Amino acid sequence: MWNKLTLQNIIREKMGDYSLIVASNRQPFSHIMKAGKMVCQREPGGLVTALHPVMQAAQQGTWIAAGTSEYDRKSVDAQHKVMIPPENPSYALRRIFLSKEERDGYYYGYCNEGLWPLSHVAYTRPTFLSSDWQTYEKVNRKFADAILEEIGNRKAFVWIQDFHLVLVAKYLREAGASNIITSIFWHIPWPNPEIFRICPQKKEILEGFLAYDLVGFQIRHHFDNFLACVDQELESRIDREKTSVIYQSRETLIRSFPISVDFEAISNQASSTDGKIRADRIKDELELGDKKLLVGVDRIDYTKGIPEKLRALDHFLGKYPVYKEKFIFFQLGQISRLRIPRYKQLNDEINALVEEINWKHSQGSWAPIVFKRSYMPYQDILALYRIADGCLVSSLHDGMNLVAKEFVAARSDLDGTLILSQFTGTARELTNALLVNPYDPDAFADLILQVFEMSQEEKAKRMQKMREVVAQQNIYRWAGKVLSQLLKFEFQEA
Ligand code: F6P
C-alpha cells in the first residue's frame, strides 16, 4: 500500500534535480489574529486536505497561493514566503497578494460566477463579463510570473490546481520557460459540450489546458466530457489510444486520478488520546447525552445540497416523529464567497430553514438542528466524525467530495454510517455507502431511518469495505500516479 514513505522514495529517486512547485488560489494556511496573538491556521476545503500531506511528504517544495489578510502579509519574508506548518515546518508557502479589484474580477467574478456554476449541474446560471475575464488573465499572469521567479534557472515540475489558474502554463511557455514539466488538476466536474459551449472564452480556456503536459480530472466521465468539448470546439487531433490531444504540434495527456485523503494519518488521529479528549469535549458542548448524532461538514455552497439535507430531516421527523428528542443533527458550515449574491441568498435560505424546522419539531429544550458557522480546527472535525452515528453528504454535484473519505478514514471503530449523494465523484468508489438522490426528500428520509436502525454487523461490514477502498486509494497513491505519468516511470502498486 502506498504511504508517505513510498511517495518520498519516488520523489527522491525519480524527480532528480526537478523542484516541485504547486500553485492554487486557496492557500493551505492563513495567519489571523486571535486574542491579540498572531496564529497560523489550516484552511478548510478538499484541495488543502489532499495537497498538504503531499507537500509535507515531498519536503522540498514550494506552494504558491493567494494570501488574503494583512496578517498573511505581515508573516512572510522579503520573498513573500513562510515555512509551514508552524509545528513542523516542511515546505514553503509563497503568497501572492491581489488587489480588491483583482479579487473581485478574478475570484468572485470569472471563477465563482462564471466557471464554478458552468461546471456544476446545480441550476445556478453562470455570468461571464469580459472585464472579469481580463482580470482572470491578469491574475493568471501574476501567478506565472511568481512561478518563473521561484524557479529561476532550475528545472521544475509545476503542478497547477483547479479552475482558478488554467492559463498559467500558457504564460510560462510564452515566457520561454524550458526546463519545466507542467500539469493541471481540475478538482471540480467538467461539463458536457452542450453546457460548455455557452462560455464566451471557451476557445481560450481549452487552449489554456492544451499548454500543459498533463491534465487530470477526478473521474473518467469528466475527462470524456472534456475530450468531447475539445472535439467540438478546436481543430485538434485526439489520440484515443493514448488519451491525449495534439494541438498546434504539442501533445497533452488527459487522465483521470480520483483524489483522496491521508487515510493513515486521519485514522490514527481520530483514534488517538487527543482525538478522544476532543470528542468528549464536543459531546459535552452539544449536550449529547444518550442522543444519536448526525453530522454534516460543508462549505456553504449551493452545490453542496444543504437546503436539500435540511428538508430531508424535516421530512424524516414528519414521517418518523418517534425520533424526536432522540438525535441531534450538527452541521458545520464554512462561510464562503459571501460577496456573491447567490451565496448571500443561500445563507438566508439556510437560516430560514433551520429556524422553521427547529420551531416546527422542537420539544422542550430539544431542537433537531445545530448549525455552526464558526471555524473548527481540523482535529476537532476528525473527532466529530468519530462520534457521529451518521455523516450526511448531500451534494447536488461534486467533483469528488473528501468529507466522505475523511469520515470513513476516521472510523477505525467500524461504526457510523455514511449517506452519500449519488452525484459526487466519491460515490463511484464508496459503493457501500447509503447512496442518496438529494432531490428526493422521501428516499433521503428513509435512508436517515436506516442510519438509526441498521444492525451493528451490517454497519461494520459496510464500513470495513469502504475503509479498504480509501486505505488503498490514498492520497500518496494519487500523487504517485500523477508523478508516474509525468516522469514517465512505470506505476507500481506498493
Ligand atoms: O475544490 C474546489 C475548490 O474551489 C477548491 O479549489 C477550493 O480550495 C475549495 O473548493 C474552497 O473554495 P474557496 O477557496 O473558493 O472557498
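Just so we're clear, the structure is a prediction, and the values are computed from it rather than from any experiment. In each ligand, atom 1 is the first atom listed, and ligand 1 is the first ligand listed.
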Exercise for review: Answer yes or no: are there more than 12 heavy-atom neighbours, outside E264 itself, under 6.0 Å from its atom CD?
Suggested key: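 No, because the 6.0 Å sphere around CD of E264 holds 12 heavy atoms or fewer from other groups.
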Just to confirm my output: which protein heavy-atom neighbour is closest to [atom], and how far is it?
| atom | answer |
| --- | --- |
| atom 2 (C) of ligand 1 | D162 OD2, 3.3 Å |
| atom 12 (O) of ligand 1 | R337 NH2, 3.0 Å |
| atom 16 (O) of ligand 1 | R26 NH2, 2.5 Å |
| atom 9 (C) of ligand 1 | R299 NE, 4.1 Å |
| atom 15 (O) of ligand 1 | Y107 OH, 2.5 Å |

Go through ligand 1 atom by atom and flag the ones less than 4.0 Å from a non-hydrogen atom of [X].
| X | answer |
| --- | --- |
| L47 | 5 (C), 6 (O), 8 (O) |
| I188 | 2 (C) |
| S336 | 16 (O) |
| W116 | 2 (C), 4 (O) |
| F163 | 4 (O) |

Practice item. Pick out which of F209, W478, W159 makes a ring-ring contact (aromatic ring centres under 6.0 Å, His included) with F185. Key: W478
Practice item. Please say which of W63, Y91, Y378 ends up in a ring-ring contact (aromatic ring centres under 6.0 Å, His included) with H52. Key: Y91
**Study point:** Residue portion contacting ligand 1 (non-hydrogen atoms closer than 4.0 Å) for Q161
**Key:** neither
Revision key, fill the gap. In L435, L294, I448, V393, the residue satisfying side chain to side chain contact (heavy atoms under 4.5 Å, CB included) with I419 is I448
Check your understanding: Any side-chain heavy atom of R95 within less than 4.5 Å of one from T68?
Key ->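 Heavy-atom side-chain distance check fails, nothing below 4.5 Å.
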Check your understanding: Tell me, do S99 and R103 make a side-chain contact under 4.5 Å, heavy atoms counted?
Key ->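 No - every pair of side-chain heavy atoms lies 4.5 Å or more apart.
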Review point. How many angstroms lie between atom CD of Q161 and atom CG of L51, to the nearest 0.5 angstrom?
Key: 4.0 Å
Check your understanding: Is the closest heavy-atom distance from E43 to ligand 1 below 4.0 Å?
Key -> no
Review point. Should Y136 and Y110 be marked as a ring-ring contact (aromatic ring centres under 6.0 Å, His included) after you check the CA-CA gap, both sets of side-chain angles, and the distance that decides it?
Key: CA-CA 6 Å; Y136 183 84; Y110 201 79; 5.1 Å; yes
